[in-house]
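Take this structure, written in C-alpha cells, and hold onto it; I'll ask about it next.
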Amino acid sequence: MSPMQSRTEQTGPLELTGQNESLKGQVEGITFHNEENGYCVLRIKLRDARELVNVVGHVASISVGEMIEASGNWINDARFGQQFRADTMHVVAPETIDAIERYLASGMIKGLGPKYASKLIAAFGDKVFDVIEHEPARLRDIDGIGKMRAQIIMESFHDQKVVREIMMFLSSHGIGTQRAVRIYTTYGAKAMELICANPYRLATDIRGIGFKVADSIAMSLGVEKTSPMRARAGISYVLSEAMSDGHCGLPRADLYEMSEKLLQIPDDIIAEALEHEVAEHNVLLGDLGSQQAVFLRDLFEAEHGIAGNFKRLMVDNPPWEEVDLDERLPALEKQSGLEFADSQVKALSLALKSRILVITGGPGVGKTTLINTIIKLVSEADTDLEITLCAPTGRAAKRMSETTGLEAKTIHRLLESDPSSGGFRRYEEDPLSCDYLICDETSMVDVPLMYALTRALPDKAALLLVGDIDQLPSVGPGQVLGDIIDSAIVPVVRLTEVFRQARESRIILNAHKINSGELPDLGKPDGKSDFYFVEATSERQGREKIIELISNRIPRGFAMDPMRDVQILTPMNRGGLGTRSLNIELQNVLNPEKPGQPKVQRFGWTYRPGDKVMQTTNDYDREVFNGDLGYILSIDEAESEMVVDFDGRDVLFDFSDLDNLTLAYATTIHKSQGSEYPAIIMVMTMQHFPMLERNLIYTGVTRGRQLVLLVGETRAIEKAVKGDRQRHRWTRLRQNLEEMAS
C-alpha cells in the first residue's frame with residue numbers, strides 16, 4: 001500500500017500494513033525532537049516520492065540534510081494523520097546528488113554551507129567525497145575556496161570519515177552524528193578500544209549518553225547481566241541520578257532497592273560491587289542520623305569541606321574595628337531618610353559582631369537596605385577594608401551592582417573558573433583578596449559551589465550570606481542555605497516585616513500571602529496594577545492568551561519590549577504549556593523566519609538571528625554558565641558558527657555545541673532562580689499538577705520586578721499555595737556543621 005494513499009478517518013491509530021516495512025530517505029525538516037529521550041517527528045523525502053512523509057521514532061541526534069534508514073509500520077493517527085512509526089532508526093551516508101548536497105550544506109563539515117555545497121556539486125558531482133579525501137587541492141579551483149578553507153574542509157571531512165565506524169556501531173543504539181563526533185573528540189583513535197573495554201564509561205564521559213544506552217551497547221558486546229563492571233556502573237548511575245534530584249547521597253537500603261530495580265540482579269552482587277566502589281574511593285560511606293548512607297566522593301568531601309571552612313572562618317572577630325551602632329544609628333536614619341525597624345537594627349548589630357551571618361527574608365523586607373547599610377558601616381570602621389560582592393548568576397550580580405554601586409561578580413568569575421580542570425583557580429593556595437565577602441541569592445548556591453567559594457576565602461575574611469529560604473532550593477545537589485540555618489551554628493536574621501513602600505506593590509503583597517499559605521488576590525485591580533490574573537481553562541486558551549499578552553497587551557499597556565523585558569515562566573518542560581511547546585510558538589510570533597535569513601537546526605531547535613537563548617550547562621571555556629540568557633547576533637552557515645550576545649559579551653559557538661543552548665522565550669521556574677525580569681508571564685494549570693508546590697509559585701511570582709501576569713486556573717493556584725510539601729533531600733551538611741560546633 002502506498003504511504004500516500006488516503007484512508008477514511010479513524011478514531012485512533014491504525015496500522016496500515018500488518019508487516020514490518022523499511023524506508024530510506026532524506027531529512028527535509030525536523031518537526032520535533034526531544035533531546036532527553038530521542039523521540040522525534042521528522043519530515044522525510046523518499047526517493048521518487050512527490051510528497052514528504054512524517055516519520056516518528058527515536059534518534060539521539062539528527063540534522064536536516066542527513067539520510068536515515070528506518071524500520072516499522074505505517075499508521076493513520078486520528079490527530080496527526082498518516083505517519084511511519086519507526087521501531088529502529090539510524091543515520092546513513094547520503095547517496096544521491098541531492099542528498100549529498102544537502103549533507104554538505106548541513107554544517108556537518110566545517111567550511112561548507114549551502115553556497116559552497118552547491119558549487120562543489122556543480123564542479124564534482126557525486127565524486128565530491130573522493131575529491132575532498134584524495135585530491136583536496138582541487139577544492140581551490142572553486143571560487144571563494146582558498147588554501148585555508150580547503151584545509152579546514154579536508155580536515156573536517158577526514159574527522160567525519162574516522163568516526164564513521166563509530167557512528168555505524170552506535171547508530172543502532174540511537175546515537176547520531178553529533179554525539180559520535182563527541183565520542184571521537186573525547187577518546188580519539190582509541191575510541192572503539194576504550195568502548196569495548198568498558199562501554200559504561202560512555203555514560204560518565206560523554207554528554208548526552210546515559211546509563212541505559214551504555215548498558216544496551218554493553219549487552220551487544222557480550223557483557224553479562226551480572227557482571228561486576230555492570231553492577232558498579234549501575235551504582236554510580238543511581239547515585240548520579242540522585243544528585244540530579246538534589247541529593248548528596250542515599251541511604252544504603254535505598255541505594256540497594258534502586259540499583260536492584262535498575263539492574264535486575266540480586267542484592268549480593270550489588271553489595272559486592274559497592275565494596276569495590278568503596279575500596280577504590282569512588283564512593284564514601286557516612287551516617288545520616290541512625291542509618292548508613294552512600295555518597296559520591298566529591299559531594300561527601302564538599303559538604304565536609306564547607307563545615308571545615310566555617311570552623312576556620314569563625315575563629316576570630318570580624319576584620320574591622322568595633323562600631324558603636326547606637327551612636328551611629330540616628331545619623332544613618334537622617335542621611336537615608338529611613339527609620340530602621342527593630343529586626344533591621346538587630347541584623348545590623350549582629351552583622352557588625354559576626355564573622356559569618358545569614359540574612360533571609362522575602363521581597364520588600366529590606367534586605368537591600370541592610371546590605372548597603374552594613375557596607376557603609378564597616379567601610380567607615382576600616383577605610384582599607386576590601387569588600388567583595390558576588391551572586392550565583394549574571395543577572396543577580398548585575399542587580400547587586402546596581403543596588404550597591406559596587407562591582408559584583410558571578411561566583412564563577414570571582415573564583416576564576418579553569419576550563420582545563422573544570423574547577424577554579426582560586427582556592428586555599430591562592431585565595432581571594434578580600435576582607436568581607438557578601439553573597440546574594442544564596443538559596444540557589446549548591447554544595448560544590450559553596451565549597452569552592454568558602455575554600456577560596458582567606459582566614460581573615462568575614463562572610464555575609466543573603467537569600468530567601470522560602471524559594472526553591474538549588475538546582476544542583478544540596479540545600480545549603482537551609483542546612484546552614486537549621487544547624488543554628490551561625491547567627492541568622494529572619495526579616496518578615498514588609499515596609500510601607502513595598503506594601504504598595506501587589507506583587508510583594510501576593511508573594512507574602514502565598515508564602516503564608518494564603519491564596520493571592522486574583523481579583524481585577526482598581527486602575528493600573530503590577531499584578532494581574534488571566535484565567536485560562538484549556539491548553540489552547542492558555543497559549544492564545546500568553547501570545548496576546550506578550551505580543552500586544554504588555555507592549556501597548558506598559559511600553560515594554562516583549563523580547564528583552566518579558567519572560568515566560570512555566571513549571572515544566574513537557575506538555576502544550578511547557579517550555580518546548582511555548583518556545584516554538586513564541587519564536588514564530590516574536591522572531592518569525594525571514595526569506596533568505598540564515599538559520600541552523602540542531603537537537604530539535606531551529607535557531608535564527610535575534611532568538612533569545614539560554615545556556616544549559618557550565619561552559620568554562622566560554623565563561624558562560626547554566627541559566628545565562630543571551631541573544632543570537634549572527635549565524636554563519638559556511639563556517640558552522642553562531643555568535644551569541646551574553647550581557648554585552650559576544651560568545652562564539654560551533655554548531656556542534658548547540659546542544660548546550662535552548663530557546664528561552666519560555667523557561668522553567670527552576671531555571672529562573674536568581675534572576676529578576678521587568679515583567680513575567682507565569683502559567684500555572686492542572687496540566688502541571690506534579691509540580692504544584694508553594695515554593696514553586698512563590699519563586700515564580702518573586703521573579704517579576706515591575707509586572708506579574710499569572711495565567712492559568714484558580715484551582716491549580718490553590719493547589720500550589722496549599723502544597724507545602726518540601727521534597728526531602730538527603731544531605732549531610734547540617735550534621736557536619738553541628739558536629740563541627742560540638
Side-chain angles (χ1 to χ4, degrees), residues 1-10 12-35 37-108 117 121 126 128-129 160 163-180 213 216-217 220 601-606:
M1 179 176 295
S2 166
M4 305 313 300
Q5 184 176 344
S6 63
R7 298 283 298 206
T8 56
E9 185 175 342
Q10 305 295 325
L14 175 69
E15 290 189 5
L16 300 184
T17 70
Q19 298 178 344
N20 193 271
E21 298 183 27
S22 297
L23 61 76
K24 188 174 186 179
Q26 187 172 18
V27 180
E28 295 287 328
I30 301 171
T31 305
F32 178 79
H33 181 239
N34 185 326
E35 183 188 342
N37 59 24
Y39 177 77
C40 60
V41 181
L42 309 176
R43 297 284 285 163
I44 303 296
K45 174 71 164 62
L46 303 180
R47 183 178 294 180
D48 300 327
R50 292 182 181 178
E51 300 179 51
L52 302 181
V53 298
N54 289 323
V55 176
V56 180
H58 289 78
V59 61
S61 176
I62 192 71
S63 298
V64 170
E66 290 188 298
M67 295 288 295
I68 61 109
E69 280 186 351
S71 63
N73 285 280
W74 291 100
I75 66 164
N76 188 21
D77 188 279
R79 183 177 177 187
F80 299 108
Q82 195 172 54
Q83 53 187 223
F84 186 83
R85 184 156 295 172
D87 298 321
T88 62
M89 187 191 311
H90 60 271
V91 179
V92 296
E95 297 172 351
T96 66
I97 286 289
D98 179 61
I100 292 171
E101 181 174 353
R102 289 295 301 276
Y103 174 74
L104 292 174
S106 70
M108 293 302 300
I121 291 297
D126 61 1
V128 64
F129 290 156
Q160 293 293 323
V163 303
R164 192 168 299 157
E165 180 183 354
I166 302 170
M167 266 179 51
M168 293 304 295
F169 172 73
L170 297 175
S171 63
S172 62
H173 300 282
I175 301 174
T177 307
Q178 298 293 330
R179 290 187 176 87
V213 172
S216 175
I217 295 170
S220 70
Q601 290 182 311
R602 285 292 186 278
F603 305 102
W605 297 114
T606 298

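All values reported here derive from a predicted model rather than from experimental measurement. Every heavy atom of this structure was used, including side-chain atoms; hydrogens, water molecules and symmetry mates were not.
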### Task
Apply the side chain to side chain contact (heavy atoms under 4.5 Å, CB included) test between K45 and each candidate in V27, D98, V53, L52; give the one that qualifies.
L52
### Summary
Taken in chain and number order and not counting sequence neighbours, the residues that satisfy side chain to side chain contact (heavy atoms under 4.5 Å, CB included) with V128 are I100, L104, L120, I121, F124, I132
### Query
Mind checking whether R43 and N54 have side chains closer than 4.5 Å, heavy atoms only?
yes
### Task
Compare every heavy atom of L46 with every heavy atom of G25, then report the nearest pair and how far apart it is.
CA-CD2, 4.3 Å
### Message
Tell me the closest heavy-atom pair linking F84 and G72, and the distance in Å.
### Response
CZ-N, 3.2 Å
### Message
Applying side chain to side chain donor-acceptor pair (under 3.5 Å), can you list everything that pairs with T31, at least two apart in sequence or on another chain?
### Response
none
### Query
Distance from R85 atom CZ to I75 atom CD1, nearest 0.5 Å?
3.0 Å
### Query
With sequence neighbours left out, what residues match E101 under side chain to side chain donor-acceptor pair (under 3.5 Å)?
none
